[in-house]
Visitor: 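Just dropping this structure here.
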Amino acid sequence: MTGRKKGWLLLALGLGLYLLLSGYSSDLLPWSRDITQVKLMRTMALDVGDGDMVQVTLSGGLQQQNQDGSDTLPLLLSRQGLTVFGSVQALQTESDGYVEMGHLADCVIGEGLAREGLEGLADFLERDFSMRLGTRMFLLAGDTGENALRLTASKTTALTERLEAISQNRTYGGKDWPFTVRTYLAETEDNGVALLPVLELADNPDYDPENRDERPEREIHLTGLACLVDQKLAGVLTGEESRGASLLSGWDQLDRFEVELPNGTVAGIRLVLSQCRWEPEFDETGRLTAVTARLEVQGELNELTGWADLTDAEVLETLEQGFLRQVASLAQAALDRSQGDGADFLHIRRQLAFQCPAHSTRLLTDWEDWFPTVELRAAAEGKVERSYDVDLPMKEGA
């Protein structure tokens, strides 16, 4: 090491030691805060505000009991600004502590804002250091995100807990919730098209106006998927189209099917496995002419409403073929909706480009011309197994 380099090293070490001992404070470093003064926000709702404003509503989780043992409602804060950032910063004046979003679990977007566009939200999500890429994203149909936070809150419930339950219940098999900030940004960057899960509010039959804080006024339910093109709501998929898109993407491993046998008996079948393989067909010029989405699925028989001889090969064949036809029909509905809307929300182009590197250049450059006319087909193969042996007793402790 040269003498000059040694000199610079000693100077840097000396300066660092001076700043440390002198208690130097810089805006480049995080501010220290008393943990009792920090308000952790768990859910963020975004809506159209007045004029060109955007409204941000933040909610915490369930509150701890007061000193007298009584329960309190979840903390709820709401402000408007010209940007999402401005609204969030304005919320700092609404609480008796520092509003912290580093533990934000969910982002609920009102339908009105989704129709106007989410460009500002995407920019904020990418730039703000406290936002988590793993935050779950939802779209609220027919209402505002603020109402979702307010009307589903009570002393014993908060929207965060409900959305967490939804995400866990719809990812059977231990898979992660797929609709996150990270996924939304990646899909939008890929081709400008992204899917978001749709929530709807419904009246709570247990709501008591006399004790309004004990039970929430509204319930919230997951109803399907919505398609966003260039960060604007383009349409909401039907139930069948949503189920088909989930099957093709391998997202939802908790679907159910009902197959009627020739004698009138109905079989209830649970989907326990779904994997999709894309099979492209190219002509002699290298043009894509057809794509088959081949689903490999496995079902589990959970109920029979009547008699069926499951040792009969013909009965089993009828059962499995009915199951596979329903799976293929759902997948075909999603493919038809995607092509009909001209929105590749299944990201077929990306799948094929990875799978067929020899054709990747033309797939990336000619996809917009090919997609409207390419033949999209869905096929399903697999089997149905019995869920348990009814002739064997349950083991003790099972």
Side-chain angles (χ1 to χ4, degrees), residues 38-49 54-64 71-81 84-85 87-92 94-95 97-114 118 120-122 124-125 128 130-171 176-185 196-202 204 213 215-223 226:
V38 176
K39 303 297 181 181
L40 296 179
M41 297 292 102
R42 301 305 311 282
T43 306
M44 177 171 67
L46 296 113
D47 298 295
V48 175
V54 59
Q55 177 171 313
V56 174
T57 307
L58 296 178
S59 173
L62 291 178
Q63 295 287 315
Q64 295 180 347
D71 294 327
T72 59
L73 292 170
L75 177 65
L76 202 67
L77 306 172
S78 185
R79 286 295 295 268
Q80 296 187 14
V84 177
F85 166 76
S87 303
V88 170
Q89 292 303 305
L91 286 170
Q92 295 294 351
E94 297 295 309
S95 172
Y98 178 75
V99 177
E100 172 57 49
M101 296 197 304
H103 293 268
L104 200 70
D106 305 287
C107 177
V108 179
I109 302 163
E111 182 176 333
L113 183 63
L118 305 180
L121 170 62
F124 173 76
L125 295 175
D128 191 87
S130 65
M131 292 298 296
R132 298 169 58 245
L133 293 179
T135 299
R136 298 181 290 259
M137 294 186 69
F138 300 88
L139 186 144
L140 186 69
D143 215 319
T144 64
E146 180 189 11
N147 279 343
L149 287 173
R150 292 187 184 278
L151 300 179
T152 61
S154 71
K155 292 180 179 180
T156 58
T157 59
L159 184 58
T160 298
E161 281 70 26
R162 174 60 182 148
L163 295 182
E164 183 176 0
I166 287 175
S167 65
Q168 291 176 349
N169 292 340
R170 299 305 296 182
T171 51
D176 294 331
W177 181 251
F179 305 101
T180 63
V181 170
R182 178 184 290 106
T183 304
Y184 174 77
L185 295 175
L196 288 182
V198 178
L199 302 171
E200 287 187 1
L201 290 173
N204 182 8
D213 294 342
R215 293 286 188 274
E217 182 177 347
R218 298 290 184 88
E219 296 178 333
I220 198 159
H221 303 283
L222 181 67
T223 61

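Here the structure is a predicted model, which means the values were calculated and not measured.
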Visitor: Could you pull out all residues at least two apart from Leu133 that satisfy side chain to side chain contact (heavy atoms under 4.5 Å, CB included)?
Guide: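 With neighbours one apart ignored, the set is Val181, Arg182, Leu185.
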Visitor: Specify the closest pair of heavy atoms between Leu121 and Cys107, including all atoms of both residues, with the distance to one decimal.
Guide: CD2-SG, 4.5 Å
Visitor: Given side chains that start at C-beta, do those of Val48 and Thr144 come closer than 4.5 Å, heavy atoms only?
Guide: no
Visitor: Find the distance between CG (Leu113) and CG (Asp47) and round it off to the nearest 0.5 Å.
Guide: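 Rounded to the nearest 0.5 Å, the CG-CG separation comes out at 7.0 Å.
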Visitor: Restricting to side chain to side chain donor-acceptor pair (under 3.5 Å), what partner residues turn up for Thr57, sequence neighbours left out?
Guide: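 Expected list: Ser78.
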Visitor: Side chain to side chain contact (heavy atoms under 4.5 Å, CB included) for Leu149 and Val108? Distances and angles first, verdict last.
Guide: CA-CA 9 Å; Leu149 287 173; Val108 179; 5.9 Å; no
Visitor: Run the salt bridge (charged side-chain N to carboxylate O under 4.0 Å, His left out) test against Glu219 and tell me which residues pass, sequence neighbours left out.
Guide: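 Checked Glu219 against salt bridge (charged side-chain N to carboxylate O under 4.0 Å, His left out); zero matches.
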Visitor: With sequence neighbours excluded, what pairs up with Ser87 under the side chain to side chain donor-acceptor pair (under 3.5 Å) test?
Guide: none
Visitor: Any heavy-atom pair between the side chains of Asn204 and Arg218 that's under 4.5 Å?
Guide: no
Visitor: Under the side-chain hydrogen bond (donor to acceptor under 3.5 Å, both in side chains) rule, what do Thr43 and Thr160 come out as? Steps first, then yes or no, please.
Guide: CA-CA 6 Å; Thr43 306; Thr160 298; 2.3 Å; yes
Visitor: What residues, two or more places apart in sequence or in another chain, satisfy side chain to side chain contact (heavy atoms under 4.5 Å, CB included) together with Ala114?
Guide: Ile109, Leu139, Leu233
Visitor: For Leu140 versus Gly145, what's the shortest heavy-atom pair and its separation?
Guide: CD2-N, 4.0 Å
Visitor: For Glu146, check salt bridge (charged side-chain N to carboxylate O under 4.0 Å, His left out) against everything at least two apart and list the hits.
Guide: Arg150
Visitor: Check side chain to side chain donor-acceptor pair (under 3.5 Å) between Thr180 and all other residues, then give those that pass, not counting sequence neighbours.
Guide: Thr183
Visitor: To the closest 0.5 Å, what do you measure between CG (Leu201) and CD (Glu217)?
Guide: 10.0 Å
Visitor: Tell me the closest heavy-atom pair linking His221 and Ala202, and the distance in Å.
Guide: CD2-CB, 3.9 Å
Visitor: Would you say the side-chain atoms of Thr157 pair up with the backbone N or O of Ala153, donor to acceptor, closer than 3.5 Å?
Guide: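 Flag not set: sc Thr157 to bb Ala153 has no pair under 3.5 Å.
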Visitor: List in chain and number order the residues that pass ring-ring contact (aromatic ring centres under 6.0 Å, His included) with Phe138, two or more places apart in sequence or in another chain; answer none if no residue qualifies.
Guide: Trp177
Visitor: For Val84, what residues pass the side chain to side chain contact (heavy atoms under 4.5 Å, CB included) criterion, not counting sequence neighbours?
Guide: Leu46, Val54, Val56, Val88, Phe124
Visitor: Among residues at least two apart in sequence or on other chains, which ones pass salt bridge (charged side-chain N to carboxylate O under 4.0 Å, His left out) with Asp106?
Guide: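 Scan of Asp106 (salt bridge (charged side-chain N to carboxylate O under 4.0 Å, His left out), adjacent residues dropped) gives Arg136.
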Visitor: For Leu222, which of Leu163, Ile166, Val198 qualifies under side chain to side chain contact (heavy atoms under 4.5 Å, CB included)?
Guide: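 Only match with Leu222 under side chain to side chain contact (heavy atoms under 4.5 Å, CB included): Ile166.
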Visitor: About how many Å separate CG of Leu151 and CD1 of Ile220, when rounded to the nearest 0.5 Å?
Guide: 9.5 Å
Visitor: Identify, with sequence neighbours excluded, every residue that meets salt bridge (charged side-chain N to carboxylate O under 4.0 Å, His left out) alongside Arg162.
Guide: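 Scan of Arg162 (salt bridge (charged side-chain N to carboxylate O under 4.0 Å, His left out), adjacent residues dropped) gives none.
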Visitor: Of all residues at least two apart in sequence or in a different chain, which pass the side chain to side chain contact (heavy atoms under 4.5 Å, CB included) check with Glu200?
Guide: Ala141, Thr223
